[in-house]
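To start, the structure itself, in structure tokens.
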2 protein chains.
Amino acid sequence: MKAEKTEAIAIWMVEDDALFREGIRTLVERTPGFFCERAFSNCEDALNDLRTDDAPRILLTDLGLPGMSGIEGMRKVKELSPATEVLVLTIYDDDERVFEAICAGASGYLLKNSSGEEIVSALSQLVQGGAPMNAQVARRVLDLFSRMGGPKGHYDLSPREKQVLHLLVQGLSKKQIADKLIVSFYTIDTHLKNIYEKLHEHTRSGVVAKALRERLI
Amino acid sequence: MKAEKTEAIAIWMVEDDALFREGIRTLVERTPGFFCERAFSNCEDALNDLRTDDAPRILLTDLGLPGMSGIEGMRKVKELSPATEVLVLTIYDDDERVFEAICAGASGYLLKNSSGEEIVSALSQLVQGGAPMNAQVARRVLDLFSRMGGPKGHYDLSPREKQVLHLLVQGLSKKQIADKLIVSFYTIDTHLKNIYEKLHEHTRSGVVAKALRERLI
DNA sequence: AGAACAATACCGTGTACACGGTATTTTGTA
DNA sequence: TACAAAATACCGTGTACACGGTATTGTTCT
């Protein structure tokens with residue numbers, strides 16, 4: 001009574017394997033609260049039918065597709081309709097693909113060996129603001145994260161030196177930094193010399209690169 | 001018969017709330033395959049007892065703790081025993097804390113409102129190489145990820161310009177770049193002028209900063 | 001065939017930078 | 001209170017950079 005067709009959540013699907021596609025469609029149609037509004041075999045067709053004012057709440061997509069890749073497709077979908085939540089359902093679980101998909105805006109990532117039950121539960125999690133992920137994929141995501149957010153080099157710069165470094169990375173010249181900190185040009189020159197020594201760098205771009213790469217700021 | 005005490009997986013716990021701590025201990029002890037080897041009320045005590053050759057497989061820790069924070073604590077634990085998998089169990093779900101925890105090496109992140117069932121299931125997922133995460137936290141992680149891996153600015157640099165930019169970010173001078181690409185100094189000078197114009201920058205550090213921040217390389 | 005772009009090359013000028021010195025004052029802490 | 005570290009300040013020298021020109025040679029697409 002409560003979940004009528006008009007209140008049910010629309011799902012679009014992109015999946016090139018017809019058998020798999022129909023399987024998922026049946027599964028979704030059997031799930032109260034959801035309905036499979038459209039199903040495509042490639043991104044181009046889906047994008048062609050997409051309107052900003054008539055976009056689905058959820059897009060369920062494969063990654064390996066003929067023509068435009070699923071990644072590229074979801075990028076474009078998110079551009080046209082940022083509110084559409086994308087659930088990736090694929091066989092790939094390599095770092096590269098997972099990373100790309102997440103950067104492209106995926107809100108969930110399941111593998112094709114998932115059970116029907118898991119897929120249905122993922123849809124519910126999605127609408128509740130969760131991010132359903134295959135456990136292995138989730139681990140990959142955390143690993144990637146900790147690797148890129150990793151070392152955070154430490155060269156014990158003094159507080160003032162950090163402040164100068166910060167302004168340096170903003171692109172200010174010595175003169176500009178001196179003015180902003182209300183000290184002499186020569187003072188900044190000295191600070192810079194000390195920073196160069198501590199970071200083992202000899203040019204401002206070297207310092208900027210190191211500061212950004214190792215998140216010193 | 002199969003899961004004897006000696007084969008069961010050791011869990012250490014750090015949790016300052018005595019009531020909660022004992023609750024979890026009871027829960028773990030009731031779970032076949034796991035046992036709560038040690039339980040501490042702060043990180044200092046846990047670190048004091050930690051030996052590289054006798055570290056637990058799993059560390060279950062709170063974040064808000066008296067003295068050393070849970071984040072700092074797990075950082076040190078992972079330093080001494082990288083194989084130990086840390087499952088965070090806390091009330092905090094803000095971006096900052098989630099980000100820090102993951103960078104410090106957490107393999108899972110649950111909130112304290114989780115049911116006993118969820119916690120037990122998280123332990124199993126952990127040993128199977130998964131990364132149990134609260135759905136909201138998982139969404140936060142994906143959002144953070146897509147934000148930081150986001151725009152990937154595009155200023156249509158020519159192939160040669162990208163190459164020069166790359167070397168520039170490595171910290172090479174015009175002369176060095178020219179030598180490496182076996183062209184004249186003046187050629188690189190011209191390329192740089194064009195890069196500056198395309199990126200709307202006027203200094204090499206500005207270019208380096210933009211290239212690194214917007215991942216142009 | 002011609003336009004548009006990429007890559008190459010050259011020059012001069014003014015400015016900013018890198019780095020070698022040296023030296024004083026403030027501040028925290030042993 | 002004495003010492004170390006941080007912050008401040010000054011100078012000269014040589015080099016590298018930023019940027020204003022101009023110009024030739026290839027591709028490539030129309």
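All values below were derived from every heavy atom in this structure, side-chain atoms included, with hydrogens, water molecules and symmetry-related copies excluded. By convention in this document, chain letters (A, B, ...) are assigned in the order of the sequence lines, proteins followed by strands, and residues within each chain are numbered from 1.
A:K174 pairs with exactly one of A:D179, A:D189, A:T187 by the side-chain hydrogen bond (donor to acceptor under 3.5 Å, both in side chains) rule, that one being A:D189. Of the listed residues (B:E197, B:E214, B:E161, B:H200), just one forms a side-chain hydrogen bond (donor to acceptor under 3.5 Å, both in side chains) with B:Y155, and that residue is B:E214.
If you measure from atom CG of B:L157 to atom P of C:dA7, you get 10 Å, rounded to the nearest angstrom. Note: CD (A:Q163) to P (D:dA6) measures 15 Å, nearest angstrom. Atom P of nucleotide D:dC17 and atom NE2 of A:H202 are separated by 15 Å, given to the nearest angstrom. Distance, A:H200 NE2 to C:dA18 P: 17 Å, rounded to whole Å. The nearest whole Å value for the distance from the OH atom in A:Y155 to the P atom in D:dA6 is 18 Å. Whole-Å rounding puts the B:E161 CD to C:dT8 P distance at 10 Å. Atom-to-atom, CD1 of B:I188 to P of D:dA18 comes out at 13 Å; the value is rounded to the nearest Å. One atom, CZ of A:F185, and another, P of D:dC11, lie 12 Å apart when rounded to the nearest Å.
When the shell of 6.0 Å around CD of A:E22 is examined, it contains more than 12 heavy atoms from other residues, nucleotides or ligands.
Contact annotation: B:Y186 reaches the phosphate of C:dC11 (side-chain N/O to OP1 or OP2, under 4.0 Å). Applying the 4.0 Å criterion to OP1 and OP2 of D:dC19, one finds that B:Y196 has every side-chain N and O outside that range. Look at A:S184 and you'll find a side-chain N or O under 4.0 angstrom from OP1 or OP2 of D:dC10. An OP1 or OP2 oxygen of D:dA9 is reached within less than 4.0 angstrom by a side-chain nitrogen or oxygen of A:T187. The side chain of A:R160 contributes no N or O atom lying less than 4.0 Å from OP1 or OP2 of D:dA7. For B:H191 and C:dA7, the shortest distance from a side-chain N or O to OP1 or OP2 is not below 4.0 Å.
Electrostatic pairing of A:R21 and A:D62 does not count as a salt bridge here, judged by no charged N lying under 4.0 Å from a carboxylate O.
Counting any heavy atom pair closer than 4.0 Å across all strands shown, A:K174 reaches a base atom.
The residue among B:P159 and A:S205 whose nearest nucleotide of DNA chain C is located toward the 5' end is B:P159.
One donor-acceptor pair, N or O on each side, does fall under 3.5 Å between the base of C:dA9 and the side chain of B:T190. Put simply, the side chain of A:D189 and the base of D:dC10 share no donor and acceptor less than 3.5 Å apart.
The side chain of B:S173 lies closest to D:dC17 when the candidates are D:dC17, C:dA18, C:dT8. Comparing D:dG20, C:dG20, D:dA7 by their nearest atom to the side chain of A:K193 picks out C:dG20.
Using a 4.5 Å heavy-atom cutoff, the side chains of B:Y109 and B:V141 are not in contact.
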